Amino acid sequence: MAKRTYITTPIYYVNSVPHVGHALTMLACDVTKRFARQRGEEVVFLTGTDENGLKVLEAAQAAGEDPQAFVDRISQTFRHAADLLHIEYDVFFRTTSDEHRKCVQALFARLMEKGAIYLDKYEGWYDVAAETFVRESDLVDGRSPDGNEVRWVSEENYFFRLSAYGDQLLAYAEANPSFWLPDGRKAEVVSFIKQGLRDLCVTRSNPGWGIPVPGDESKVVYVWFDALINYLAATGWPDAGWEDLWPADVHWMAKEIFTRFHATLWPAMLMAAELPLPKTVIAHGWFTFNDSKMSKSKGNVLAPEELIAHFEEAGCERELAIDVVRFALARALPYEGDTNFTLPEVERIYNADLANDLGNALNRTLTMAHKFVDGAIPEAEVEPEVAQRIAEIKAEVEQAFATFRIHQALDAALQAARELNRYVDAKKPWDLAKNTDPALGSVVRGMLAYVRAAEGLVRAFVPATADRMAAQLNLPPTLAWAEIGTAASLPAGVVVGQPQPMFPRLQPKPAEPKPAPEPKPEKPKKAKFEPPAEIGIEDFMNVQLKVARILEAEPVEGSEKLLKLQVMIGEEKRQILAGIRKSYAPMDLIGRQIVVVANLKPAKLMGHESQGMILAADGPDGRAILLTPETEAPEGTSVH
RNA sequence: GGCAGCGUAGCUCAGUUGGUUAGAGCAAACGGUUCAUACCCGUUAGGUCGACGGUUCGAGUCCGUCCGCUGCUACCA
């Protein structure tokens, strides 16, 4: 069997409910699929739910439900969220399936065989809520950086040798420019990898939920490690036939799970297993609502079902209201950055693009066809300029799709409607009709050609709309991309249908009093440190400066800047870390007298405790210049 | 603190390797048109292209410094 095109969304973690962000990724994937299919590819589109985490078990227990019943229920809500927007997935995959369990265990065993997974002892802090390990130095007031509770664990676990794949990943990406997209994200991954990858603990002790490690029932596979494997599991691997689908052509996702997991961990796992890598891993940005926060009371709800209802109320058929939401999502889809997604913005897109451009273009074209040529598609040929413009627009759409710029592809597709308007204005068919000008047939055909092209070009984004357009033209849907712009797609003599407006224009609202600008949520922004112009002597006296002598100095392993110093302050011995490695060799420091801040709160750096701070001047080029008493002073002497 | 990105019209954003007069959509004003969903077409207005300096015959574009925003990341001066 020939290789099929395989595209995926992430599988969604079932401890939350679907929202517009999920809709965005699913739509990106859906449009990608429909376009590929139009181009003649056989496509399989995978989505699903991630159901194995410890948090899932806890959420089920909190809800007083059996875990399996719980995940069955939540998984359904994601399926419905996809169905709601006519997301045409082929496989809705669940990580509690036997198929998945089998594949995860097989891959795990294979990675062990190849030495990419090894057993080691982990001792340290564990963030229960995030299901991740936390370094001592990252703790903030005894909590994880995210503010979650941590607990000390000491257990044997399996580790994936992620550290071994950094260079290979970089080399692969270098050779395959569309492996990581978009470019901005690629740069992020490169810098993430260049700073060094660490091996990843990929098991947890078995809580009675999850996929047991083959040969060691006391452990389950870490939820992220398990989840990523779904892409492979859905192909049937390791059973025969998986090559029909694997490698994936596109993994779509939102940006937050791109760098660490999909762009790095997953391809490294595949390399370790000696399996082919996906062609493209691509992340989109987020929607923000900072202009007017989403809330029901403000009437600017942006949940997909609410938006659909909003446009149904405005007079759209339900199928078309769904397309309105698809259209708005695609039009605003954040490629490199994040974009604002607000109701006024969606309404603007609706009126300008759907009502005024696309809907009206079809409407006026059909009306004129009936008025001027009895509704029959004329035999005359379209003018070469028209055919030329359509070909150009089509090429623009293709070009945007080549790098998955969904929003640009849609904008390009709309050019067909915009071009039609200019064409009509230039040709003035009503004048031609009045004068019985023989050019009339060609002009009407040109208009129909634009509308017919638009129908094919927007089909991947708004399939129901495209169907309505085809139906009103009384022509079959343009299922094949190659047909777009051809003479054959517009058979002469067919009598087109009567226009039926699809997207009634929204009436501009009576000018609302400007909503008071919302008080900006206070950012926990760290104020830049600016010393006050003057301080009192009492402030200065709070700082205890003392003369000390360096007894030992050694570099901190793994650090570029830090030296670990043992110093004597009077009778007291202290360990102090100092970022002066670039300026001083350890040997040159031993025996020297320096000045230290003796009452600084201790801190952990790179896992070592620092009980104070040494004084040094900021020299040129960022070099440090140590302060030393001019003559030897008794150690422990106060400095004022 | 480091690295990366961004800063262009009232708003959302394009601007290839430096090259005439910096563009599009929306909003605005004016004009035109009548096939159409008060639509469409055109014109106009609106920009020290974040600031300053530099390279160049020529800079939105390249270099430096600074300011502001965003992301990633971090190691006590």
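Quantities reported herein were computed from a predicted structural model and do not represent experimental measurements.
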Can you pull every protein N or O that's under 3.5 Å from an N or O on nucleotides 6-10 of chain B?
none

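Residue A/N351 has no polar side-chain atom (N or O) positioned under 4.0 Å from OP1 or OP2 of B/C26. Phosphate proximity of B/A38 to A/R505: absent, as no side-chain N or O sits under 4.0 Å from OP1 or OP2.
Not a single donor-acceptor pair under 3.5 Å links the side chain of A/D425 to the backbone N or O of A/N421. At distances below 3.5 Å, at least one donor-acceptor pair connects side-chain atoms of A/R445 with backbone N or O atoms of A/P378.
One interatomic measurement links the two molecules: NZ of A/K186 to C1' of B/G71, which rounds to 18 Å at whole-angstrom precision. Whole-Å rounding puts the A/F372 CZ to B/A36 C1' distance at 11 Å. In this structure, CG of A/L362 is placed 13 Å from C1' of B/C35, rounded to the nearest angstrom. Here the C1' atom of nucleotide B/C76 and the CD1 atom of A/I594 are 12 Å apart, to the nearest Å. Nucleotide B/C72 holds its P atom 17 Å from the CD1 atom of A/I193, rounded to whole Å.
In this structure, A/Y350 has its ring center closer than 6.0 angstrom to the ring center of A/F311.
To the nearest 0.5 Å, atoms CE (A/M447) and CZ (A/R364) are separated by 6.5 Å. A/I590 CD1 to A/L551 CG: the interatomic distance, rounded to the nearest 0.5 Å, is 9.0 Å.
Contact check on A/D353 versus A/R418 returns a salt bridge, with a Lys/Arg side-chain nitrogen under 4.0 Å from an Asp/Glu carboxylate oxygen.
Ring geometry for A/H284 against A/W252 counts as tilted: the plane angle lies between 30° and 60°, on a 0 to 90° scale.
Side-chain proximity of A/E188 to B/G71, B/C76, B/C26: nearest is B/G71. When each of B/C26, B/G71, B/A36 is scored by its nearest atom to the side-chain atoms of A/R185, the top-ranked nucleotide is B/G71.
Looking at which nucleotide of RNA chain B each of A/N363 and A/Q408 is closest to, the 5′-most match is held by A/Q408. Both A/T259 and A/P501 lie close to RNA chain B; mapped to their nearest nucleotides by heavy-atom distance, the more 5′-ward contact belongs to A/P501.
A/R331 has its side chain out of reach of A/H407: every pair of non-hydrogen atoms, C-beta onward, lies at least 4.5 Å apart.
No engagement by A/F192 is indicated, since no non-hydrogen atom pair under 4.0 Å with the nucleic acid exists. Here A/N360 lies in heavy-atom contact (under 4.0 Å) with a base.
Side-chain atoms of A/R592 and A/T628 form a donor-acceptor pair, as typed in the model, at a separation below 3.5 Å.
Around the CG atom of A/D167, the shell of radius 6.0 Å holds no more than 12 heavy atoms that belong to other residues, nucleotides or ligands. Shown here is A/E379, whose CD atom has no more than 12 heavy atoms of other residues, nucleotides or ligands within 6.0 Å. No more than 12 heavy-atom neighbours from other residues, nucleotides or ligands sit within 6.0 angstrom of CD on A/Q399.
Residues from residues 419-449 of chain A with heavy atoms under 4.0 angstrom of RNA chain B, sorted by number: A/N421, A/R422, A/D425, A/W430.
Consecutive Watson-Crick or G-U pairing (both distances under 3.5 Å) extending over three or more pairs maps onto RNA chain B as B:1-7 with B:67-73, B:10-13 with B:23-26, B:28-32 with B:40-44, B:50-54 with B:62-66.
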